[in-house]
Number of protein chains: 2
Amino acid sequence: MSLRHAVLGLLSEAPASGYDLLKIFEMSLANVWPATQSQLYGELGKLTDAGLIEVAAEGPRGRKEYRVTEAGLAELRHWIAEVPPNTVPRSDVLLRVFFLGALPADQAVAYLRSLARDAENDLAHLRSLVPHVECQDDNLSVYGRLALEWGLRASELRREWAEWAEEQIRSLNVTPRD
Amino acid sequence: MSLRHAVLGLLSEAPASGYDLLKIFEMSLANVWPATQSQLYGELGKLTDAGLIEVAAEGPRGRKEYRVTEAGLAELRHWIAEVPPNTVPRSDVLLRVFFLGALPADQAVAYLRSLARDAENDLAHLRSLVPHVECQDDNLSVYGRLALEWGLRASELRREWAEWAEEQIRSLNVTPRD
DNA sequence: GCTCGACATGTCTCCACTGGAATGTCGAAG
DNA sequence: CTTCGACATTCCAGTGGAGACATGTCGAGC
């Protein structure tokens, strides 16, 4: 249900075509709310029908540039401020952790170690994005920086937690059961 | 696709009926992988068809107690160790952060503040769970503790980040643009 | 003048998840 | 002995996302 609001949000910053949006999704929202072209174009159609966006201009190759309407902006604001964020995010990573007991201890440790490595990689990747957003000053960048900071902190947390967890399992396993 | 592995994982600890599983989901997996009864019973049927679990015993009220088969256990281990964790978790909270620019600054600040409050509540809730899992010693509890620790750390992170973000917005807004 | 790659929009099917509802059984308390 | 609440299962309609596929246009460079 949030894809529509992601689209509204992006269009509220600047008019764009479906193709443009696709690019923006790949770049800046890839880590927050990935979307495919089918979803995007479908949503653009529905939003137009609902009167929340409208075609601002047509260009070459059938390009349609969309922009939010007043109603769309109102809906966006309403969603941000008043709709309760929904639900527990599901984590298949954490789910695996729950069942690590089904694996021999050395494999469990290896799994946790690989989580730490993944987190480290993500961290490196996010850090590489920092210079990109640092200099810009549009709304999306300002708030994008907040989101990026979240990502940085979360990746660090994942790494530290994985290292801690690995240590836990190790110590459980080494100590005799007396 | 992970619901089936959650079911396999739980059944690998102990045989259980659909109803039992539902309870377990509500208690220990509620924050990791919530599931409804329709999903659960559906999945139990599919898993049985696939030969990954089997009916171990039938009880009163049509109760069917399931247990994993060898094939099921193998599938579980394979999933944990070898299937790459999938994808970016979507966060509608973070998505809202991206578009906070659509709101007047004071509302943006209020939103961040409410995030901090939510995180605080979650933290309190998770802390209340700590004594529950602390004493037990089965596999699920051991690894459940790891998951719980993750939750604690993540909630703290959310609170701290929200407070930091609020400060960022405030300072941006107060400083003159010269 | 042709071709290739980027631009651009759409359709279709499958699967997971949601939420609701219907149905029936057993045990305990009054 | 009756009734109520916990136990227990099954079905269904609707929605949203994933991913594959189909189609067409323009511009640059050879």
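So that the names make sense, note that chain A is the first sequence line, chain B the second, and so on, each numbered from 1. When reading the values below, keep in mind they use all heavy atoms of this one structure, side chains included, and skip hydrogens, waters and symmetry mates.
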>> Without decimals, in angstroms, what is the distance between B:D92 CG and D:dG16 P?
In response: 14 Å
>> Looking only at the side chain of B:Q37 (C-beta and beyond, no hydrogens), which of the listed nucleotides C:dG20, C:dA8, C:dG10 gets closest?
In response: C:dG20
>> Nearest to the B:W33 side chain among C:dC17, C:dC26, C:dA8, which nucleotide is it?
In response: C:dC17
> Once you round it to whole Å, what is the distance between C1' of C:dT9 and CD of A:E43?
Replying inline: 15 Å
> What is the minimum heavy-atom distance between A:L95 and B:V32, and which atoms define it?
Replying inline: N-CG1, 3.7 Å
> From the list C:dG10, C:dG27, C:dT18, which nucleotide is the closest neighbour of the side chain of B:T36?
Replying inline: C:dT18
>> Checking contacts here: which listed nucleotide (C:dA8, D:dG19, D:dC7) is nearest the side-chain heavy atoms of B:Y19?
In response: D:dC7
> Between atom CD in B:E26 and atom P in D:dA6, what is the gap in whole Å?
Replying inline: 13 Å
>> Without decimals, in angstroms, what is the distance between B:K46 NZ and C:dC14 C1'?
In response: 11 Å
>> In this structure, how many angstroms lie between the P atom of C:dC7 and the CD1 atom of A:I24, rounded?
In response: 13 Å
>> Could you tell me how far apart A:R4 (CZ) and D:dG17 (C1') are, to the nearest whole angstrom?
In response: 15 Å
> Does C:dT18 have OP1 or OP2 sitting under 4.0 Å from an N or O in the side chain of B:Q39?
Replying inline: yes
> Just one of A:R159, A:R117, A:R158 clears the salt bridge (charged side-chain N to carboxylate O under 4.0 Å, His left out) bar with A:D122, so which one?
Replying inline: A:R158
> Quick one: which of A:I80, A:L47, A:T69 gives a side chain to side chain contact (heavy atoms under 4.5 Å, CB included) with A:L8?
Replying inline: A:L47
> Ignoring hydrogens and angles, are the base of D:dG19 and the side chain of A:S38 linked by a donor-acceptor pair under 3.5 Å?
Replying inline: yes
>> Heavy atoms from C-beta onward define the side chain here; which of C:dG24, D:dG27, D:dT9 lies closest to that of B:R61?
In response: C:dG24
> Say you draw a straight line from CG of A:L94 to CG of B:L146; how long is it, rounded to the nearest 0.5 Å?
Replying inline: 9.5 Å
> Starting at CG of A:L22 and ending at C1' of C:dG10, how long is that distance when rounded to a whole Å?
Replying inline: 13 Å
> Phosphate oxygens OP1/OP2 of D:dA8: is one of them under 4.0 Å from a side-chain N or O of B:R63?
Replying inline: yes
> Does the side chain of B:K64 get closer than 4.0 angstrom to OP1 or OP2 of D:dT10 through an N or O atom?
Replying inline: yes
>> Would A:E149 and A:R145 count as a salt bridge (Lys or Arg N to Asp or Glu O under 4.0 Å) here? Give the steps.
In response: CA-CA 6 Å; A:E149 174 71 17; A:R145 275 199 287 275; over 6 Å; no
> Hey, does the side chain of B:Y41 come within less than 4.0 Å of D:dT9's phosphate (OP1/OP2), counting only N and O?
Replying inline: yes
> Rounded to whole angstrom units, what separation is found between the CZ atom of B:R90 and the P atom of C:dC17?
Replying inline: 13 Å
>> Under 4.0 Å from OP1 or OP2 of C:dC7: is there any side-chain N or O of A:K23 that close?
In response: yes
